[in-house]
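The figures here come from the full heavy-atom set of this structure, side chains too, leaving out hydrogens, waters and symmetry mates. Indexing begins at 1, ligand by ligand and atom by atom, following the structure's order.
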Amino acid sequence: MTTNQLVQQIKKKKSFLCIGLDVDLNKIPQHLLEEEDPIFAFNKAIIDATHHLCVAYKPNTAFYEAYGLKGWKALEKTINYLNENHPDIFTIADAKRGDIGNTSTMYAKAFFEDLAFDSVTVAPYMGKDSVEPFLAFKNKHTILLALTSNKGAFDFQTKTVDGKEVYKQVLETSKTWEHSENLMYVVGATKAEFLADIRQIIPDSFLLVPGVGAQGGNLQDVCKYGMNNQVGLLINSSRGIIYASKEDDFAQAAAAKAKELQQEMEVELHSLLV
Ligand SMILES: O=c1ccn([C@@H]2O[C@H](COP(=O)(O)O)[C@@H](O)[C@H]2O)c(=O)[nH]1
């Protein structure tokens, strides 16, 4: 999917919501555990109930890898279900990969070719030759960790090296890499006060913003400082939506939570859409 197509979807649905599919078998309704593939059964129900309210889904691969082969198969069934039934929805493999060049190429093939995701999250720590293999894939997006939502972001990312914060160096340097037009960035919703500075460096890039809901980030603050004239934001909520209820009504409860966020987003989009 191109970024233009993503922007069209945002305008059509009046939403820039990304729903995180972080499936924990201890948190899903008990009756689903009797299904042959409880993880996929849960995801399918959530997708069926929420697809009209969001423009992206983000399975975090940790929640699938933790269940071994069964988990990986459920991830494959989930991405295939999305691509077959909702090809207009942007898909993100939150895998936080990155390694020496030939290994990164294999990671990119795994997520862009074998699993056919639109994008994958990548850690910038190993530098240019670890990220460019992902950027080489046409119409696929590499979402680079810039300023993460957790407390540990202050351990390295905000430290000043050679007169500039490390996260700013990540943004500036990555812009010089080959096929940098395929870059998006992760900025935590809990770091909204940094967004004005971030937009000075990357005014046009899309940002994946996790951390609203369970982590306490605020949607309005993110929009105030992070929105650009093409919206430029995908705001993620995982636990706050998918675990809204553990009862039989879990999918409807998830849809209600997604609707709340979509309505807040519609208000924020108002000035851009008129
Ligand atoms: O900086 C980051 C990068 C990634 N994440 C991931 O996003 C979701 C957030 O889940 P919630 O339940 O909405 O808190 C999860 O998959 C994280 O691993 C992040 O939170 N922060």
Name the closest protein heavy atom to atom 13 (O) of ligand 1, giving the residue it belongs to and the distance to 0.1 Å.
-> S238 N, 2.9 Å
Counting heavy atoms under 4.0 Å, the part of L145 that contacts ligand 1 is neither
Specify whether F42 and F250 have parallel, tilted or perpendicular ring planes, treating 30° as the upper limit for parallel and 60° as the lower limit for perpendicular.
-> parallel
Pair F90 + H141: ring centers closer than 6.0 Å | yes
Interfacing atoms of ligand 1 (cut-off 4.0 Å, heavy-atom, T148) = 1 (O)
Selected option - heavy-atom contact closest to atom 21 (N) of ligand 1, from S237, G20, S149 = S149
Please check if the distance between the ring centroids of F194 and Y167 is under 6.0 Å.
-> yes
Residues Y81 and D48: side-chain donor-acceptor under 3.5 angstrom | yes
Cut-off 3.5 Å, side chains only: do D99 and S104 have a donor facing an acceptor?
-> no
State, without any angle test, whether T91 and D118 hold a side-chain donor-acceptor pair at a distance under 3.5 Å.
-> yes
With heavy atoms of D22 as the reference, note each atom of ligand 1 found under 4.0 Å away.
-> 8 (C), 15 (C), 16 (O)
Side chains of N236 and S238, donor plus acceptor under 3.5 Å | yes
Check each atom of ligand 1 against the heavy atoms of K58 and keep those under 4.0 Å away; list them by number with element.
-> 6 (C), 7 (O), 8 (C), 15 (C), 16 (O)
Mark up the atoms of ligand 1 that fall under 4.0 Å of a heavy atom belonging to Q215, in ascending order.
-> 9 (C), 14 (O), 19 (C), 20 (O)
Ranked by distance from atom 12 (O) of ligand 1, the top protein heavy atom is R239 NE, 2.6 Å
Show which atoms of ligand 1 fall inside a sub-4.0 Å distance from at least one heavy-atom site of K96.
-> 3 (C), 4 (C), 18 (O)
Nearest non-hydrogen protein atom to atom 17 (C) of ligand 1, with distance, is N60 ND2, 3.9 Å
